[in-house]
Amino acid sequence: MITVQDSTLQQKIEHLYAQNQGHIFRFWDSLNTNERQELLSQVSKIDIPILKELLALQDGSEKEISGFFKLEPTEVMTLRNRKNRDSAVLPLGEEALRKGEVAAFLVAGGQGSRLGFDGPKGIFPVTPVKRKPLFQLFAEKLLYLNNKYNTRLPWYIMTSETNHDMTVQFFREMAYFGLSENDVHFFKQDMLPAFDKNGKIIMENKHRLFFNPNGHGGSLQALHKSGSLSDMEARGIRHLFYFQVDNVLVNICDPLFLGYHIAAKSQMSTKVIRKTGPEEKMGVICKINGQDGVVEYSDLGEEETFARTEDGELKYWAGNTAIHMMDVEFLLNRAGRGARLPYHKAEKNIPCIDEAGEKIKSDEKNGIKFETFIFDLLLDVQKSFTMEVQRSREFSAVKNKEGSDSPASAKRDLLRNYAGLLTQAGVPLKVDAHGIPPFEFEISPLFAQSVDDINAKKEKIPVIKQGTYLGE
Ligand code: UTP
């Protein structure tokens with residue numbers, strides 16, 4: 001066993017050997033001083049109790065999910081049912097915004113490996129004309145709300161070790177897109193080691209371990225550990241709007257959603273959309289042993305996936321958009337007591353080194369990564385609320401390089417939305433059968449986000465043609 005002077009670190013090294021992780025130090029003798037320091041700094045980040053927990057899950061001696069699950073559809077405030085109620089709850093949400101009780105929370109710590117973009121996904125350009133990055137789109141939506149409700153919405157952004165510095169630097173370079181620097185808070189989520197099939201921590205090279213961010217569910221702990229929850233408490237924030245970095249249509253801090261959430265006295269609310277078909281790869285919200293929760297598409301049995309009601313509708317239709325409203329007091333109670341969400345394991349293809357320390361890339365799934373999911377928090381709440389929204393208006397994710405959920409589909413969905421706003425306000429515009437115009441133009445979130453906004457600015461709108469940009 002190697003020995004170091006720092007007694008805490010030495011203890012950790014002993015624990016690692018005791019957990020059969022001595023291989024981490026097998027190249028120690030050939031490492032230079034800097035490399036040794038780097039390895040030790042990585043070792044210091046390993047949380048031994050968590051490591052033991054992951055190892056038990058990894059070898060199957062403990063189950064990820066235990067027990068018998070009885071699934072049933074849950075109650076959803078559907079678009080049909082919302083018709084007569086929206087106007088009654090909207091003022092509740094608007095009032096909370098005016099009173100400064102609301103904050104936005106973006107989780108952007110993921111690796112975005114499917115998109116294959118070199119950098120944080122929020123930097124990826126998405127809009128048709130100005131090629132605005134996702135972060136700018138969100139910032140402008142917040143600025144719009146700040147103006148409309150005469151408020152200053154704080155924005156909490158979770159990053160991870162893999163993208164934190166680039167994210168913060170980008171915001172600085174872009175002068176926070178016009179937001180006040182004091183209202184944008186960045187913090188990092190924790191990382192977890194990944195394991196090979198024999199339960200050994202995977203090494204990226206001779207002196208680095210392979211760590212991955214601990215999933216969007218890591219936000220529960222990170223909000224607490226970073227002091228963000230205390231900051232919210234101090235600012236009088238009561239409602240936290242949670243969203244993910246890839247949805248170009250997200251209606252940030254939607255006052256209507258907020259109104260429903262407040263009216264329902266919900267601790268955690270969720271927006272859902274109708275799945276396009278049984279096989280769409282989307283988690284569904286349903287009752288799990290009587291409690292609202294999300295079942296990932298891969299965990300939904302074949303019978304449930306294809307089940308239909310008597311009128312032919314999908315039984316489990318409520319697709320999770322990963323858009324939530326959360327009660328800050330509930331978060332303080334849960335996270336403040338050190339609660340964290342369960343780990344899920346996934347087999348992945350992870351770059352590693354061989355016995356000689358040479359880097360290898362296997363084509364097979366050679367390792368196991370662990371992650372936590374924010375929707376598991378639903379299983380802890382006493383009161384939740386689920387609301388259906390229109391996919392075409394509120395959900396279009398950038399996940400893949402091409403095909404569905406890609407930059408191309410997101411651009412099409414943005415164009416369809418811009419065109420919808422104009423045509424509904426009676427502005428002449430040619431569109432095809434899918435509502436898509438024959439050219440690309442763009443409406444800034446600062447210019448208009450609703451038909452009413454367009455109506456109010458009709459005289460400023462020029463003839464729309466290729467490259468038109470409606471901005472402030
Ligand atoms: P995804 O599930 O799409 O994962 O994240 P990903 O890592 O970004 O992308 P792939 O799977 O490698 O292609 C959904 C949202 O959760 C955030 C992401 O940044 C995104 O907003 N997330 C994911 C985190 O903040 N931390 C994580 O550890 C994982």
Side-chain angles (χ1 to χ4, degrees), residues 45 50 54 104-124 126 133-135 137-138 155-164 166-168 170 185-194 210-223 225-226 228 240-250 252 270-271 280-283 294 296-299 319-324 326 340-351 365 367-377 395-407 409-410:
K45 287 183 194 145
I50 290 180
L54 298 184
F105 175 33
L106 169 66
V107 291
Q111 291 166 310
S113 42
R114 282 170 286 173
L115 183 61
F117 173 63
D118 191 18
K121 202 188 263 189
I123 292 181
F124 190 82
V126 284
L134 282 152
F135 285 141
L137 207 53
F138 304 148
W155 188 11
Y156 299 87
I157 300 176
M158 184 175 84
T159 60
S160 63
E161 199 62 51
T162 54
N163 62 19
H164 182 84
M166 280 177 81
T167 302
V168 175
F170 187 66
H185 309 264
F186 301 96
F187 59 91
K188 289 185 214 172
Q189 65 182 116
D190 286 338
M191 306 287 282
L192 292 173
F210 182 92
F211 284 104
N212 60 271
N214 63 350
H216 38 67
S219 55
L220 183 64
Q221 285 165 293
L223 276 169
K225 272 174 50 178
S226 62
S228 304
L240 188 64
F241 178 83
Y242 168 102
F243 67 110
Q244 304 194 332
V245 76
D246 36 40
N247 183 4
V248 296
L249 297 182
V250 61
I252 297 180
T270 309
K271 283 190 176 184
E280 186 182 14
K281 291 181 173 166
M282 194 169 204
V294 171
E296 272 290 51
Y297 66 90
S298 47
D299 294 332
N320 175 27
T321 60
I323 298 169
H324 301 286
M326 297 171 179
R340 56 166 185 70
L341 299 172
Y343 295 113
H344 296 260
K345 64 178 175 185
E347 290 193 15
K348 298 270 171 169
N349 182 338
I350 301 173
K365 292 181 176 169
I368 292 173
K369 277 187 187 178
F370 286 92
E371 276 195 310
T372 53
F373 301 143
I374 194 63
F375 53 71
D376 279 334
L377 187 57
F395 188 77
S396 177
V398 178
K399 296 273 187 201
N400 308 313
K401 261 198 193 96
E402 47 203 24
S404 61
D405 296 335
S406 67
S409 62

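Given the structure is predicted, the values throughout are model-derived calculations rather than measurements. When a ligand or atom number is given, it counts from 1 through the structure's own listing order.
Considering only non-hydrogen protein atoms, atom 2 (O) of ligand 1 sits nearest to R114 NH2, 3.9 Å. The nearest protein atom to atom 19 (O) of ligand 1, hydrogens excluded, is given as G110 N, 2.9 Å; this is a heavy-atom distance. Here the heavy atom of the protein found nearest to atom 28 (O) of ligand 1 is G215 N, 2.8 Å. When hydrogens are left out, the protein atom nearest atom 21 (O) of ligand 1 is V107 O, 2.7 Å; that is the closest non-hydrogen contact. Among all non-hydrogen protein atoms, the one lying nearest atom 16 (O) of ligand 1 is H216 CD2, 3.3 Å. The protein heavy atom nearest to atom 26 (N) of ligand 1 is Q189 OE1, 2.7 Å.
Within the 4.5 Å cutoff, side-chain heavy atoms of I123 are placed close to those of F117. Between E161 and F211 there is no side-chain heavy-atom pair separated by less than 4.5 Å. No side-chain heavy atom of F124 sits less than 4.5 Å from a side-chain heavy atom of D246.
The backbone N or O of Q189 lies less than 3.5 Å from no partner atom in the side chain of S160, so there is not a single donor-acceptor pair. A donor-acceptor pair is defined here as one N or O able to donate and one able to accept, closer than 3.5 Å; such a pair exists between the side chain of N247 and the backbone of S396.
Scored by the salt bridge (Lys or Arg N to Asp or Glu O under 4.0 Å) test, D376 finds no partners at all (sequence neighbours excluded).
Of all the heavy atoms of P213, the ones lying under 4.0 Å from any atom of ligand 1 are found in both the backbone and the side chain.
If you number the atoms of ligand 1 from 1 as listed, the ones under 4.0 Å from a heavy atom of M158 come out as 25 (O). Residue K399 approaches ligand 1 through these ligand atoms, each under 4.0 Å from one of its heavy atoms: 1 (P), 3 (O), 14 (C).
Which of Q111, M191, Q244 comes nearest to atom 14 (C) of ligand 1 through a heavy atom is settled by distance: it is Q244. In the candidate list G112, G217, G109, A322, G112 is nearest to atom 8 (O) of ligand 1, counting heavy atoms. Taking only non-hydrogen atoms, the option from S219, S113, G218 nearest to atom 10 (P) of ligand 1 is S113.
The pair D190-K225 meets the salt-bridge criterion, since a charged nitrogen lies less than 4.0 angstrom from a carboxylate oxygen.
Taking the six-membered ring wherever Trp is involved, the centroid distance between the rings of Y156 and F186 does not fall below 6.0 Å.
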